[in-house]
Every structure is written in structure tokens, then in C-alpha cells.
Amino acid sequence: MAGEVAMGAKDRAPARTPRVAVIGGGPGGLYAAALLKRLDPSREITVWERNAPDDTFGFGVVLSDETLGGIAHADPVVHAALQDEFVRWDDIDIVHRGERHTSGGHGFAALGRRRLLAVLHERCRSLGVELRFGTEAPHPDRLRESYDLVIAADGVHSTTREAGAGVFRPTVQEHRCRYIWLAADFAFDAFRFEIAETEYGVMQLHGYPYSRPQPDPLPASVPDGPSGRPGASTVIVEMREEVWRAAGFADLETAESVERCAKIFTEALGGRPLRSHNSAWTTFRTVVNERWSHGNLVLLGDAAHTAHFSIGSGTKLAMEDALALAACLEEHTTLPEALTAYEEERRPVVASTQRAALASLGWFENLGLHVGRPARQFAFDLLTRSRRVTHDNLRLRDPHFTEAVERDFGCPPGTPPMFTPFRLRGLTLPNRVVVSPMDMYSAEDGVPGDFHLVHLGARALGGAGLVMTEMVCVSAEGRITPGCAGLWNGDQTQAWRRITDFVHTRAPGVAIGVQLGHSGRKGSTRRMWEGMDEPLEEGNWGLVAASPIPYRPGSQLPRELSRAQLTDIREQFMAAAWRAVRGGFDLLELHCAHGYLLSGFLSPLTNRRTDAYGGTLDNRLRYPLEVFDAVRSVWPEERPLTVRISATDWAEGGTTAEDAVEIARAFAAHGADAIDVSTGQVVAEERPEFGRSYQTPYADRIRQEVGIPVIAVGAISSWDDVNSLILAGRADLCALARPHLYDPHWTLHAAAEQGYTGSAAVWPEPYRAGSRRPRTGRTDAPRPRLTLGR
């Protein structure tokens with residue numbers, strides 16, 4: 001029946017009464033029912049909820065001002081009822097190793113989940129929506145036959161979604177922590193995070209108020225009403241699965257778990273008990289669906305998508321879904337058009353929220369990595385974990401807290417974190433910005449020319465602390481494309497010396513580094529703009545690799561390297577490193593990432609050898625470490641040597657984050673000064689999880705577990721991101737690629753935009769007149785003085 005009855009066009013009278021079925025009586029389903037009935041009172045709307053009206057999980061819910069604004073516009077009655085119930089606060093308290101740090105200016109609003117449901121129940125009944133509690137909804141196929149629209153709002157464990165899995169194609173990812181929803185009969189003063197480091201491992205408490213103390217009693221029939229009670233707070237206790245098991249929670253009844261949680265966090269609770277209601281330990285599941293609708297059936301809220309509770313988004317997203325669905329049904333004349341518009345509107349919002357939620361979730365899953373930070377830096381790290389709160393944003397919200405974190409970090413007054421110096425061996429970089437290696441494919445016979453001089457010279461003049469070359473190949477056979485630069489002969493060495501001399505003369509203080517590598521099985525291909533990874537049409541050269549596995553179907557089959565060839569290539573790296581010394585480079589990076597030759601030895605997906613260079617991780621590391629040692633033997637002692645790795649292959653059976661830690665540890669033991677932490681590009685079938693700063697958690701983990709400086713890369717695009725990552729202690733340096741293609745003076749412009757004029761970002765004398773942002777538009781227009789009304 002999909003599309004037979006127009007669901008929203010006001011100018012078209014339906015042939016009969018439109019019928020809407022809602023599966024699930026949570027906030028999203030109820031709000032959708034209320035909105036649709038309010039917009040068209042002729043609609044016959046029925047909500048099925050298998051539980052009783054007040055039988056709900058959780059205690060308090062948090063809604064944003066943005067969500068409340070949408071509610072106010074769409075249904076002032078619901079908004080007015082909620083406004084009277086909300087508890088509002090601005091502070092976040094973070095308690096870590098006995099120290100409490102408070103950050104203000106955040107702005108939260110919460111109320112009891114039961115009270116929210118009661119408001120929505122009342123609104124639905126007043127509008128004529130039929131609510132059926134304690135009743136399982138009929139099978140979705142039956143509903144689709146007799147209703148014009150079926151809204152599946154039946155939660156994370158949606159039976160509707162599972163019944164239509166072949167159409168919706170859901171992906172459900174279960175995560176590593178156990179958590180339990182509880183409540184305390186008092187109101188926290190702020191959103192509180194408390195960390196407990198127990199003999200079993202790290203545990204955390206998330207707590208926030210949802211009811212304030214009220215001396216005047218209200219009727220007992222009002223759900224979650226204060227009735228003279230001292231207020232109430234939601235308390236979530238969370239820990240890794242292995243910690244949960246080691247602590248014995250797997251063997252405890254719920255009441256015993258609740259009592260034990262109260263003892264662990266007795267200081268946060270002031271010795272008060274915790275209480276439960278339908279509470280149970282569970283693991284969070286991230287739900288993603290390829291489709292949200294099928295015919296006249298549409299998914300809404302947790303049935304369509306989930307986002308971790310640590311960013312307080314579940315109820316918010318569900319109610320925003322309801323708003324969008326109602327609006328789209330009102331704006332479009334046919335149901336298919338409306339449901340398509342609904343999904344197109346909500347998908348980008350949900351995807352962004354899920355990326356932030358996964359970043360937050362991952363931070364808490366790996367909490368043990370962060371607890372060693374100083375207390376105030378730990379607090380900053382926690383506050384910025386999802387990347388939605390940043391250094392600049394937090395400075396606006398709470399300048400005193402942010403300034404205190406900066407002082408602890410060592411920032412001089414008025415100096416953003418990105419403009420603090422950093423030392424690697426005998427090299428001191430003036431700031432934390434790196435121009436990431438970017439292949440230009442513009443050399444002739446491996447010789448860098450005028451293009452490279454202008455390209456690298458411009459970025460050095462642009463103020464970055466370290467400018468890196470593209471991958472410079474150690475032999476003609478080790479090139480990716482015919483346009484790749486090299487360091488296998490004297491002409492190339494002299495050409496590079498011209499460039500490094502320019503940088504050292506015209507951009508004093510800026511360092512220039514060379515990245516050495518060999519293409520391995522990814523060589524003999526066209527330039528990027530001619531067909532990335534496509535074999536050359538003519539002039540191909542033979543490829544070698546750890547194992548004879550082509551990069552992708554249609555790629556050239558490489559030969560497996562013999563022992564003699566391994567020795568030859570190792571010596572090529574050593575010779576290229578010596579030429580890099582003569583070429584005047586300040587830093588050398590060994591490229592062991594992205595599926596090139598040395599990376600091909602590290603990944604089990606590309607190394608199938610049965611000799612001493614294959615099999616275990618130690619064996620797979622053997623050849624890259626031999627090459628590293630050879631390079632280190634000729635590279636000057638005072639100059640730093642770094643290594644770029646792919647910390648995950650983004651493919652099943654490939655390099656894992658745990659492997660990456662051990663790989664970094666091995667290079668550190670051999671004398672690496674820093675690890676440049678990238679990911680992927682090792683196998684063509686990879687499935688990366690792209691997003692802003694998406695690779696930085698891998699760098700953070702290596703930094704904490706190995707204790708070696710790290711260079712973070714991967715969709716870091718703003719100076720605010722750089723400041724946030726550096727100040728939180730997740731990275732020591734940040735490498736940016738595309739932003740430096742867009743703006744060669746990215747670092748100097750970042751300084752100007754932040755009002756920084758210190759020695760870490762010095763404008764070249766010929767450019768000094770441009771060190772302030774040019775004015776745009778008129779500034780002499782008269783200002784209005786009076787507003788005249790009728």
C-alpha cells in the first residue's frame with residue numbers, strides 16, 4: 001500500500017482515513033505519533049508498546065538546546081511541559097586520582113525518562129492517539145498490509161529490523177565494555193566523571209542529575225516527581241569486559257552488583273546507595289543500516305541507528321528523527337518521496353553523531369591508556385575525546401580551565417599549544433606542524449626539479465616546523481610511477497641539495513625531512529591523475545615484494561624477494577640514506593606503511609613467506625629492522641630517524657592495533673626517534689572508518705604504551721584540531737597534507753587567526769605586510785541608530 005495515500009500534502013484530500021502504526025512506545029515513537037496526529041487530526045494512529053507505561057530502562061535523559069528548539073517550534077505544548085521539568089547545569093566534574101577538576105560553560109538539560117514518557121503519553125492521548133501497552137505489535141508484514149505507514153521505533157534490539165534484515169542490511173557491532181544503568185537519590189552538582197583504579201582494572205562512573213530537590217510534595221501519581229525527595233541522578237558504571245569478569249560481576253546478582261558499585265564509588269556518592277530498575281549489565285551495540293525504509297515501513301531511533309551514551313545522544317536522535325519524519329511527510333505529496341527525503345536529511349546528521357560517539361566510546365574502552373596523564377590534562381583529554389569539544393571551543397566555554405591546562409603543558413602566555421617547540425635528538429622544531437609527505441609524481445628520471453623547489457619551498461616559507469618530501473625511492477625499480485623522485489644517483493642528490501639549501505636560507509628554523517621508501521608490489525603504475533594504481537600502458541618494469549601477491553586484480557604479479565635481493569635492497573636504502581646526508585636533510589623517515597615494500601613484510605596479508613622473514617610478527621619485523629639498522633648506521637647520530645607505519649590494515653586478518661604497538665616498540669628499541677602513525681592502503685579490499693582525525697587514536701595508543709613520540713596524521717584539517725591533539729597529549733606532532741595543498745601558508749595563517757606573533761611562526765620579511773588578515777567589505781557604513789515601530 002506504500003504511496004497509495006498521500007501522508008502530508010495539505011492541498012490533497014485523502015480518499016480515506018490515513019492509518020499509521022507505531023511499533024514501540026519509547027520517546028521517538030511517541031513523539032512521532034503526537035506530531036503526525038497534530039499535523040493531521042484525521043489520521044488514525046496506534047502505538048504498540050509491549051511493556052507497561054512506566055516500565056522503562058534508564059532513569060534520566062539529556063536533550064540539547066538544539067533539540068528543544070525543534071520541539072518548541074513543532075509542538076509548543078510538549079515543549080512547555082518539558083521546560084517545567086528540566087534540570088539544567090553547566091559544569092562537568094572530572095575526578096581522577098583524588099583530584100577534581102571542574103570545567104564550566106557546557107549547558108545540559110535533563111529530566112526523568114519516566115517523566116518524559118508521561119508527558120508524551122498525555123500529549124498523545126489528548127490528540128487522540130491510541131496507546132496499547134503490554135501488547136506485542138502484530139508482525140510488520142501484517143501491519144504493512146492494513147496501515148498506510150508503519151514506523152518501527154522498537155529500539156536497539158528491533159525485531160522489525162531483524163525481520164527485514166535482507167532489505168535494511170543492518171550491521172551491529174558489539175563493543176568491549178560492560179555497563180549498567182543505575183540511579184542515586186540525590187542530585188549531583190554537575191555532570192560527573194569519576195575514575196576508579198582497582199586491583200582488577202580501571203572502572204568509571206558517569207553521573208548527572210535529572211531531578212532537583214523539591215521541598216513541596218507533589219501527588220504520588222506524578223512519575224519521577226520530586227514529592228519532597230532530595231533529587232535524583234543517573235549513574236552509569238562502565239568497565240572493560242575483562243575487568244568486569246576479573247572483579248566477579250559476572251557471578252553476582254543484580255542487587256549484589258548494585259551494592260558493590262556503590263562501594264567502589266562511595267566517595268562520589270557520599271556513601272549513599274544506588275538503586276536499579278530493570279537494570280542489567282550489558283554491552284553497547286552500534287547499529288548501522290544500509291536502508292531505513294522499505295515500502296511503507298520506516299525505521300526510527302535506535303532501530304535505525306545507535307550512538308554511545310557517553311555523548312548523550314540516543315533520545316535526542318530519536319526525537320529529532322521524529323521531527324524530521326513528520327516534516328518530510330508534511331512537505332512531500334507521496335510516501336516514497338517523503339521517506340527518501342527523511343533518510344537523506346537524517347543520514348548525514350546521524351553519521352556525524354555516530355563518528356563522534358565511536359570516538360568517545362573508544363576513548364572509554366581504552367581508558368587505561370589515559371589515566372597516567374596529569375590530572376588536569378586527563379580532564380582536558382576526556383572533555384575533547386569525541387572531537388566535538390575542541391581546544392578553541394573549550395576556551396570559549398571555560399577560559400580559566402583551558403588556560404590552566406595550557407600552563408601545565410608549558411605554553412607561554414598567549415602561545416597556542418601548536419606553537420610550542422619540540423625536540424627530536426639534536427633537532428628542535430619551532431612548532432608542532434608537519435607538512436606530510438605527499439607524492440607529486442613530477443620528477444624526471446628521479447630528479448626533483450623546479451616544481452619541487454617551489455612546492456617544498458613554498459610550504460617551508462609557510463611556517464610549518466617540519467616539511468617532508470614525498471616518498472623518495474631508493475632505486476629506479478623502487479618507484480611507484482615514472483614521475484617519482486629518487487636518491488639513487490649524484491644528480492638527484494645535487495637537486496635535493498638545491499632545495500634544502502633554499503629552505504635553510506630562506507626559512508630559518510624550518511626543518512626539511514626526507515622519506516625513503518621502495519614501492520614493492522605497488523610500483524610500475526600510472527601517475528595519480530592518469531589512473532591511480534593502474535598499471536602502465538607501456539614501459540613497465542618488474543616488481544618485487546615479500547610474497548608474490550598482486551596488489552589487486554589486474555595489477556602486475558611481483559616476484560618474491562630472494563635472500564640476495566634482500567641484501568641488495570637493504571644496501572640501496574643505506575646508500576640513499578648517505579646521499580640524504582649529503583643532500584642536506586635534517587631528518588630521515590623510513591617508509592614502512594601503505595603497502596610499499598617494507599610495509600609488505602609487516603602485514604600478514606601481504607607476507608606469506610615460510611623462511612625467517614615470514615610467519616610470526618617477530619619474523620615479519622626482521623627485514624624492516626635490518627633496513628632500519630642499516631640506515632641508522634650511516635645517518636648522523638645527532639639527526640632524528642623516524643618510521644611511518646600503517647597501524648591497521650582495515651581488513652580482516654591484517655595488522656591490528658595491538659600489532660602496531662609491538663611494531664612501534666621494536667623500532668623504538670632499535671633507535672627510532674618517533675613513529676609516524678598512519679593506517680591502511682596495504683590491501684585493496686580495505687574498509688577504512690573515515691572521519692575527522694580518524695587515525696589519531698592509533699597514534700595515541702602507541703604514544704602511551706610504547707612511550708615514544710608520535711606524529712599523528714589522517715584528516716587533521718584545522719589548527720583547532722592540532723591544538724586539541726597536542727594539548728590532550730595524544731600526539732607530539734601533527735602532519736597535514738591536503739590543507740597544505742589548499743594553503744601553502746597554512747601555519748602562518750593559523751598563527752594570524754589566533755593572534756599569535758611569536759618566534760614559532762615567523763613571517764618571511766618579504767611577506768610580513770601580509771601577516772594580518774585582509775579586510776573585506778565596507779567598514780564605513782553608518783550604523784542604525786533608531787528602530788521605528790508603528
Geometric cation-pi criterion, [X] with [Y]: 6.0 Å, 45°:
{"X": "R178", "Y": "W244", "result": "yes"}
{"X": "R260", "Y": "F249", "result": "yes"}
{"X": "R701", "Y": "Y698", "result": "no"}

Point to revise | Residue pairs, two or more places apart or on separate chains, that pass salt bridge (charged side-chain N to carboxylate O under 4.0 Å, His left out) and touch residues 712-724 | key: R692-D721
Do [X] and [Y] sit within salt-bridge range, that is, some charged N less than 4.0 Å from a carboxylate O?
{"X": "R245", "Y": "E242", "answer": "no"}
{"X": "R97", "Y": "E99", "answer": "no"}
{"X": "D700", "Y": "R373", "answer": "yes"}
{"X": "R176", "Y": "E241", "answer": "no"}

**Study point:** Centroid-centroid under 6.0 Å between F409 and F380 rings
**Key:** no
Review point. Are F191 and H206 close enough that their ring centres sit under 6.0 Å apart?
Key: no
Check your understanding: Which pair of non-hydrogen atoms, one from G463 and one from N431, has the smallest distance, and what is that distance?
Key -> O-ND2, 2.9 Å
**Study point:** Which atom of R432 lies closest to which atom of T420, heavy atoms considered
**Key:**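 Of all heavy-atom pairs spanning R432 and T420, the closest is NE-O, 3.1 Å.
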Check your understanding: Which pairs pass ring-ring contact (aromatic ring centres under 6.0 Å, His included) with one or both residues in residues 702-743, sequence neighbours excluded?
Key -> H740-W746
Set of residues satisfying ring pair (Phe, Tyr, Trp, His ring centres under 6.0 Å) with respect to [X], sequence neighbours excluded:
{"X": "W363", "answer": "H370, F378"}
{"X": "H101", "answer": "none"}
{"X": "F419", "answer": "Y756"}

Point to revise | T402-H391 side chain donor-acceptor pair, cut-off 3.5 Å | key: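 There is no such pair between these side chains.
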Point to revise | side chain to side chain donor-acceptor pair (under 3.5 Å) partners of residues 726-735, not counting sequence neighbours, each pair once | key: D381-R730, T384-R730, R703-D732
**Study point:** From CH2 (W181) to CZ (F59), nearest 0.5 Å
**Key:** 9.5 Å
Point to revise | Validation row: H106, L394 side chains within 4.5 angstrom (heavy atoms) | key: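 Result yes, sub-4.5 Å side-chain heavy-atom pair found.
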